[in-house]
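In what follows, a single structure is set out as structure tokens and then discussed.
Being a predicted model, the structure only gives us computed values, none of them experimental. Convention: sequence-line order gives letters A, B, ...; per-chain numbering from 1.
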Protein chains: 2
Amino acid sequence: MTTINDVARAAGVSPATVSRVFNGGRVTPERAERVRRAAARLGFAPNRVAQSLRKQRGSVIGLVIPDIENPFFTSLARGVEDAAQRTNLSVVLCNTDEDVDKERRYLDVAVAEQMAGVIVAAASRTRTDLSALAARGMPAVAVDRRPRGALVDAVLVDNRHGGEAATEHLLERGYRRIACITGPQGASTSEERLAGYLDVLREAPGHGEERARAYTRYADFRVEGGRSAMAALLAMDEPPDAVFVANNLMTVGALQVLAEAGRTPPGFGVLTFGDVPWAPLVRPSLTTVELPSYELGRAAADLLLERVAGTSKPLQTVVLRTSLRVRDSTAGPADPVLTPPLGAPAPA
Amino acid sequence: MTTINDVARAAGVSPATVSRVFNGGRVTPERAERVRRAAARLGFAPNRVAQSLRKQRGSVIGLVIPDIENPFFTSLARGVEDAAQRTNLSVVLCNTDEDVDKERRYLDVAVAEQMAGVIVAAASRTRTDLSALAARGMPAVAVDRRPRGALVDAVLVDNRHGGEAATEHLLERGYRRIACITGPQGASTSEERLAGYLDVLREAPGHGEERARAYTRYADFRVEGGRSAMAALLAMDEPPDAVFVANNLMTVGALQVLAEAGRTPPGFGVLTFGDVPWAPLVRPSLTTVELPSYELGRAAADLLLERVAGTSKPLQTVVLRTSLRVRDSTAGPADPVLTPPLGAPAPA
DNA sequence: TCAGTTCGTGAAACCGATTTCAGACCAGGC
DNA sequence: GCCTGGTCTGAAATCGGTTTCACGAACTGA
């Protein structure tokens, strides 16, 4: 390892001068050039560990996400990375597996490694604790989910609006018994998406909140949870004819169960929240509430970079909109006799 | 930040003693207890940056992968993480996007951050350069792909065997014109899988190497590459009736094109290398050469941890076997009159 | 010409741990 | 009583940078 001292000796200057050359201090051009040449010749690259120790701040930012296998988060990660790329900070990914303990360990590592900052998609709204970071003065940005009481910047999705748009769409297409499979109770994302669903059905003639709640199932945002929730819905006395599923993984589970039961879209309406990757493979194509996952990461990184640079702006919350992408899985119910879709010709 | 000095003062001992308490030096039990209590009371956690600087070795290991959106690598990452979990090392993920420059930057970061070691799934066999790591004495393990000439431990997959098994299976099921979509030329994985395919067809009556090569297309391991390769194959004068696709993403592209052309499995045989996630959604289910992705990560981490611990074993290469998982997409050709599947009754 | 700036520079302190080294202390053997 | 050997301890050096501080030279304006 060639150090700053080696370079200094080779260039006939003091280490302080070398440091100044690389950090924008004032150095006469002639000396600076000598230093640069010596550095290049020796293949000098500053030891980031020593830098971090002295500056009391590292040059990596941590991105803490709950599920690396979910394309939503990988796309988000890509957004973060692209934003960081333009600075000299590197991004490292920490996967918590929705496990609060694992998450806490990673946050401890972030502190111990003196990371420049952290972007956190919290594993739990109530149990994720960002206060240790704040106490150490480490900038943090919450993304997708805002942990309760955390005094941090946040970049969120307008989940409620997404839930409303989804439900309205299913109503318009003539589905009569619209179910909802949402995530765990207590997760802000699931609660909000559910709230959007309830908002719409509460006011819809023939539906109402009570009925909507009867058609609601809580699951765990995972494939298996989607399976069992869908199975439970199909086992009802009066099973639903459409379902709004509050995340992409659960949709996969739901689709499996539907296929096994022979109830395929669009006869049985399926609308999913969040892009299902490989969606092009699914027949019929899936109507989706699209999440701006990449932009979410991008925006979070921009916010964090500002804080790292030392801005003293008041805390911000940015909310990004979802958009409904209509495809074939919600074309209309199998049995239009009972419930003609809007604008459909009357049955013969 | 409470430091080792704060703890020392609070416990009435020297910093050296505090360090010894936490690193297994000899300290009288009574003092050790005093130190531990003081540390707990002050919420002391050693500053990893300072540790790294002094020890000349950090406590994170870098996992450098080419495509974080590919479930193969996320599963591999999980294997690495689980193995590291049992030590006090943390894993950070670096996504290179198959981009050699980005990869080089990450490797530089690994050196500058004095990481304990790196596990690399190389972006390029010829252009990925691990020598800088070796020069700095940083342990490295190549996984899935071995960069040319790198003197490192490696954990690989028996791609050739997988390619053979796949091709044999398609032959046995009665397909007559078996194509292969493989990855980029020069990538060891694509070359080996192709080699397995050629091995089998070279000896197969009615096939032979020349014909097999005519049915071979090189693509880029991505969805779009799979699309265009499949389209090119279908446009041939005598299009294939089955395809062996050398990775999961390209299979997605190929399936799209096949669906659009109305040529669906198993009438058109499709066999994919590597688990397609969401595979349960695809009808018919896909016959697959399964890759031991998790175990790959696990084994690579174990190897790396040994090196980090300072073993002086000679370099190792571990090769893990693939296994053929037969499902419905290779049930037999659409037109068994021409080519009765083995054991099928003669057509009436 | 002289006081007052400004600029460039290197010596030295500093970040927070680990580790070496030398000394204090004690027990045991002669 | 003295020497030997072992154990425990703290002072100080060290890792590789950044930053403060003081100093000398050059420049400015009167």
Whole-Å gap separating [atom2] ([N]) and [atom1] ([X]):
X	N	atom1	atom2	result
A/Arg57	D/dT19	CZ	C1'	16 Å
B/Ile4	C/dT19	CD1	C1'	11 Å
B/Arg34	D/dT9	CZ	C1'	12 Å
B/Leu53	C/dC14	CG	P	17 Å
A/Asp6	D/dG16	CG	P	9 Å
B/Gln114	C/dA17	CD	P	16 Å
A/Leu42	D/dG16	CG	P	14 Å
A/Met1	D/dC15	CE	P	12 Å

Given [options], which nucleotide is nearest the side-chain atoms of [X]?
X	options	value
A/Ser14	C/dG10, D/dG10, C/dT9	C/dG10
B/Thr3	C/dA17, C/dT18, D/dG10	C/dA17
A/Ala50	D/dG16, C/dT20, D/dT18	D/dG16
B/Thr17	D/dC15, C/dT9, D/dT9	D/dT9
A/Arg54	C/dT18, C/dA13, D/dT9	C/dA13

Tell me whether the OP1 or OP2 atom of [N] has a side-chain N or O from [X] closer than 4.0 Å.
X	N	answer
B/Thr28	D/dT9	yes
B/Arg31	D/dC8	no
A/Asn47	D/dC15	no
A/Gln51	D/dT18	yes
B/Gln56	D/dT14	no

>> On the side chain of B/Arg48, is there an atom forming a donor-acceptor pair with the base of C/dG16 - under 3.5 Å, no angle test?
In response: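 Between C/dG16 and B/Arg48, which were checked side chain against base, a qualifying N/O pair under 3.5 Å is absent.
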> Considering only heavy atoms and no angle criterion, is a donor-acceptor pair shorter than 3.5 Å present between the side chain of A/Arg26 and the base of C/dC7?
Replying inline: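 Counting by modelled atom types and ignoring angles, no donor-acceptor contact under 3.5 Å is found here.
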What does [X] touch in the nucleic acid at a heavy-atom separation under 4.0 angstrom: a base, only the sugar-phosphate, or nothing?
X	answer
A/Val13	sugar-phosphate
A/Val18	nothing
A/Ser19	base
A/Phe44	sugar-phosphate
A/Val49	nothing

> What is the minimum heavy-atom distance between B/Arg222 and B/Asp220, and which atoms define it?
Replying inline: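 So the two residues come closest at N-OD1, 2.9 Å.
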> Considering all heavy atoms of both residues, which atom of A/Arg125 and which atom of A/Ser188 are nearest to each other, and what is their separation?
Replying inline: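 Shortest heavy-atom separation between A/Arg125 and A/Ser188 comes out as CD-CB, 3.4 Å.
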>> Pick the closest DNA chain D nucleotide for B/Ala16 and for A/Ala16 by heavy atoms, then say which residue is nearer the 5' end.
In response: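 With B/Ala16 and A/Ala16 compared, the 5'-side residue is B/Ala16.
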Would you find a donor on one side and an acceptor on the other, under 3.5 Å apart, between the side chain of [X] and the backbone of [Y]?
X	Y	value
B/Arg48	A/Ala112	no
B/Asp153	B/Val141	no
B/Arg298	B/Arg78	no

> When you look at A/Asp101 and A/Arg104, which way does the salt bridge (Lys or Arg N to Asp or Glu O under 4.0 Å) test go after all the steps?
Replying inline: CA-CA 5 Å; A/Asp101 287 338; A/Arg104 193 174 31 65; 3.3 Å; yes
